[in-house]
Amino acid sequence: MSKLLLTNIGMLATPTGGQAKGGSEQGNIQVLQDAWVLVESGLIAQVGTGRPPAAQGTQVVDAGGGLVTPGLVDSHTHLIFGGWRQNELGLKLHGVPYLDILAQGGGILSTVKSTRAATEEELTDKAALALDEMLRLGTTTCEAKSGYGLTLDSELKQLRAIRALNDRHPMDLVPTFLGAHAMPVEYRENRAEFIRLLCEEMIPAVAEQGLAKYCDVFCETGVFTAQESWTILECGMRHGLIPKIHADEIVPIGGSQLAGEIGAISAEHLIVCPPEGIASMAKGGTIACLLPGTSFYLGAPFAPARDMVEHGVPVAMASDFNPGSCPCLNLQLVINLGCLKYQLAPEEVLTAVTLNAAAAIGMADQVGSVEPGKLGDLVVWDAPDLDYVCYRMGSNLAKTVIKRGSLV
């Protein structure tokens, strides 16, 4: 039985429990001084303060008196894609709206072309490099969406790449089917046929092959209406896929209200979420998965995170790593933006990128806090306390990353 003992922890900061925290509970974390954590066979066995247990036959890691937190959880990524889109930067700088870029064949549709052309091995190898970087930055669990294939074969190819990475890479990945990410060019004049394809061919195949846990849809002007989104998510639910929804990113067309009504585990983006959307999510138990890096990159407004917290909606934060609107996989930047732009307290931010993020991908019983029985996923920070991580910007402060009780 492998053992790892993390000692000399100056401050251990962690949320607690196995479900999302909203309202005042979001900022209610546990802080231990002079702490230690024992990991056995990949799981946290004990957490304590003062003198640690005997270390015979145990790998000892010295935290150097610094801060330790749970491994970060990235609950919204578009990890699997071909190509990049650096050519769109100039358009954005000249104020061309994203929906105009999309209408010209750019945006998601450009990445669709590159992803369809890439082999499964090429997609897997490229994404593995991104996962390596994420680990170095302190992320130990992430969600990964399909959505850049928009054909049955290409969507399955992306999801198989996610499964292969989950099998071979230290990172734990949670797969989401996002076939309803955009309307393919070939179906622009026949939207009903693409929705039929999603519901009668793609979703059944994904479910039958066990390639995804969640079904997501981009509910937005020029993409899928609220009614179309309902149809797609309801079909996913019939096939055992839990609903998620991209909602209220650019125009509020009812996505956040739909999230609460259908019982989506999370609604994502929510940049222009209206009060009635917040109320619906609170009533439906939906987690708000906010993506401040996207707002920053696009020069867009920032989601009303403070209002969500005050109305009891659990807030998670994620990277939205993708080749167009947020080519960033650094959750440390997301932490900074959560404080500076959402006006969330450091304790609320920590919960947003650990426990609430884990809950948004159905992993809160396994990761997201430093407690016995959960995976031994830990970050030792080059920081004396939590405030310092939120305060510093632009440096990688993750000094040591431990995944399932092993140094990575």
Side-chain angles (χ1 to χ4, degrees), residues 75-78 80 108-109 112 115-116 143-163 173-249 252-270 277 280-281 283-289 360-362:
S75 53
H76 181 125
T77 82
H78 300 264
I80 310 295
I108 290 172
L109 298 179
V112 166
T115 303
R116 288 178 176 177
E143 184 247 25
K145 302 180 191 292
S146 68
Y148 289 125
L150 307 185
T151 66
L152 176 60
D153 289 345
S154 291
E155 288 293 307
L156 295 179
K157 175 175 66 175
Q158 286 186 267
L159 292 169
R160 286 194 303 267
I162 295 168
R163 182 170 62 185
L173 283 85
V174 175
T176 294
F177 171 64
L178 182 57
H181 196 192
M183 186 61 62
V185 173
E186 58 268 33
Y187 289 99
R188 279 181 176 170
E189 304 305 319
N190 194 355
R191 298 175 61 85
E193 175 58 19
F194 184 64
I195 293 170
R196 186 206 65 78
L197 179 67
L198 283 166
C199 294
E200 296 183 13
E201 298 184 32
M202 291 192 191
I203 288 174
V206 168
E208 181 180 352
Q209 296 179 39
L211 288 172
K213 183 175 182 179
Y214 298 99
C215 181
D216 200 346
V217 60
F218 191 1
C219 181
E220 185 58 70
T221 297
V223 193
F224 295 93
T225 67
Q227 182 57 54
E228 290 168 340
S229 299
W230 177 282
T231 298
I232 294 162
L233 293 178
E234 196 274 333
C235 176
M237 292 170 69
R238 292 201 311 271
H239 287 84
L241 301 180
I242 301 167
K244 288 177 171 284
I245 185 169
H246 283 54
D248 301 348
E249 180 180 3
I253 64 168
S256 52
Q257 293 96 310
L258 171 59
E261 291 166 5
I262 204 169
I265 191 170
S266 64
E268 323 205 343
H269 283 289
L270 302 172
S280 180
M281 290 189 296
K283 182 178 180 181
T286 297
I287 297 166
C289 183
I361 55 174

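One-based numbering along the sequence shown. Everything quoted here is computed from the prediction, not taken from an experiment.
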For the residue pair [X] and [Y], establish whether any side-chain heavy-atom pair is separated by less than 4.5 Å.
X	Y	result
Ile80	Lys157	no
Leu150	Tyr187	no
Leu178	His78	yes
Arg160	Leu211	yes
Glu208	His239	no
Val223	Ile108	no
Leu198	Phe177	yes

Between [X] and [Y], which heavy-atom pair has the shortest distance, and what is it?
X	Y	value
Ala226	Ile253	CB-O, 3.7 Å
Ile203	Ile232	CD1-O, 3.7 Å
Ile162	Pro175	CG2-CB, 3.9 Å
Pro243	Gly263	CG-O, 4.2 Å
Arg188	Leu109	NH2-CD1, 3.1 Å
Ala259	Ala267	CB-CB, 3.8 Å

Just how far is it from atom [atom1] of [X] to atom [atom2] of [Y], taken to the nearest 0.5 Å?
X	Y	atom1	atom2	value
Thr286	Lys244	OG1	NZ	10.5 Å
Gln209	Leu156	CD	CG	5.0 Å
Cys219	Phe224	SG	CZ	10.0 Å
Leu233	Arg238	CG	CZ	11.5 Å
Met183	Glu228	CE	CD	6.0 Å
Ile245	Tyr214	CD1	OH	15.5 Å

**OP:** Please step through side chain to side chain contact (heavy atoms under 4.5 Å, CB included) for the pair Met281 and Leu270, ending with a clear verdict.
**Re:** CA-CA 11 Å; Met281 290 189 296; Leu270 302 172; 3.9 Å; yes

Subject >> Test salt bridge (charged side-chain N to carboxylate O under 4.0 Å, His left out) applied to Lys145 - qualifying residues, sequence neighbours left out >> reply: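 Result, salt bridge (charged side-chain N to carboxylate O under 4.0 Å, His left out) vs Lys145: Glu143, Asp216, Glu268.
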
Subject >> Exam field: side chain Glu193 to backbone Asn190, donor-acceptor pair closer than 3.5 Å >> reply: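 Not a single qualifying donor-acceptor pair exists.
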
Subject >> Any donor-acceptor pair under 3.5 Å from Gln158 side chain to Gly147 backbone >> reply: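 Yes: the side chain of Gln158 pairs with the backbone of Gly147.
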
**OP:** For Thr176 and Cys215, run side chain to side chain contact (heavy atoms under 4.5 Å, CB included): C-alpha distance rounded to whole Å, both residues' side-chain angles, the deciding distance at 0.1 Å, then the answer.
**Re:** CA-CA 6 Å; Thr176 294; Cys215 181; over 6 Å; no

Original post:
Given His76 and His246, is the side chain to side chain contact (heavy atoms under 4.5 Å, CB included) satisfied, shown in steps?
Top reply: CA-CA 10 Å; His76 181 125; His246 283 54; 3.3 Å; yes

Original post:
Are Glu186 and Arg116 close enough for a salt bridge, meaning some N to O gap below 4.0 Å?
Top reply: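 Result for this pair is yes, salt bridge flagged.
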
Original post:
Between Phe218 and His269, how do the two ring planes meet: parallel, tilted or perpendicular, split at 30° and 60°?
Top reply: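 Rings of Phe218 and His269: parallel, under 30°.
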
Original post:
Can you list every pair that meets side chain to side chain donor-acceptor pair (under 3.5 Å) and has a residue in residues 253-264, with sequence neighbours left out?
Top reply: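 Only Asp248-Ser256 qualify under side chain to side chain donor-acceptor pair (under 3.5 Å).
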
**OP:** Begin from the C-alpha positions of Leu258 and Ser229 and carry the test side chain to side chain contact (heavy atoms under 4.5 Å, CB included) through to its verdict.
**Re:** CA-CA 8 Å; Leu258 171 59; Ser229 299; 3.7 Å; yes

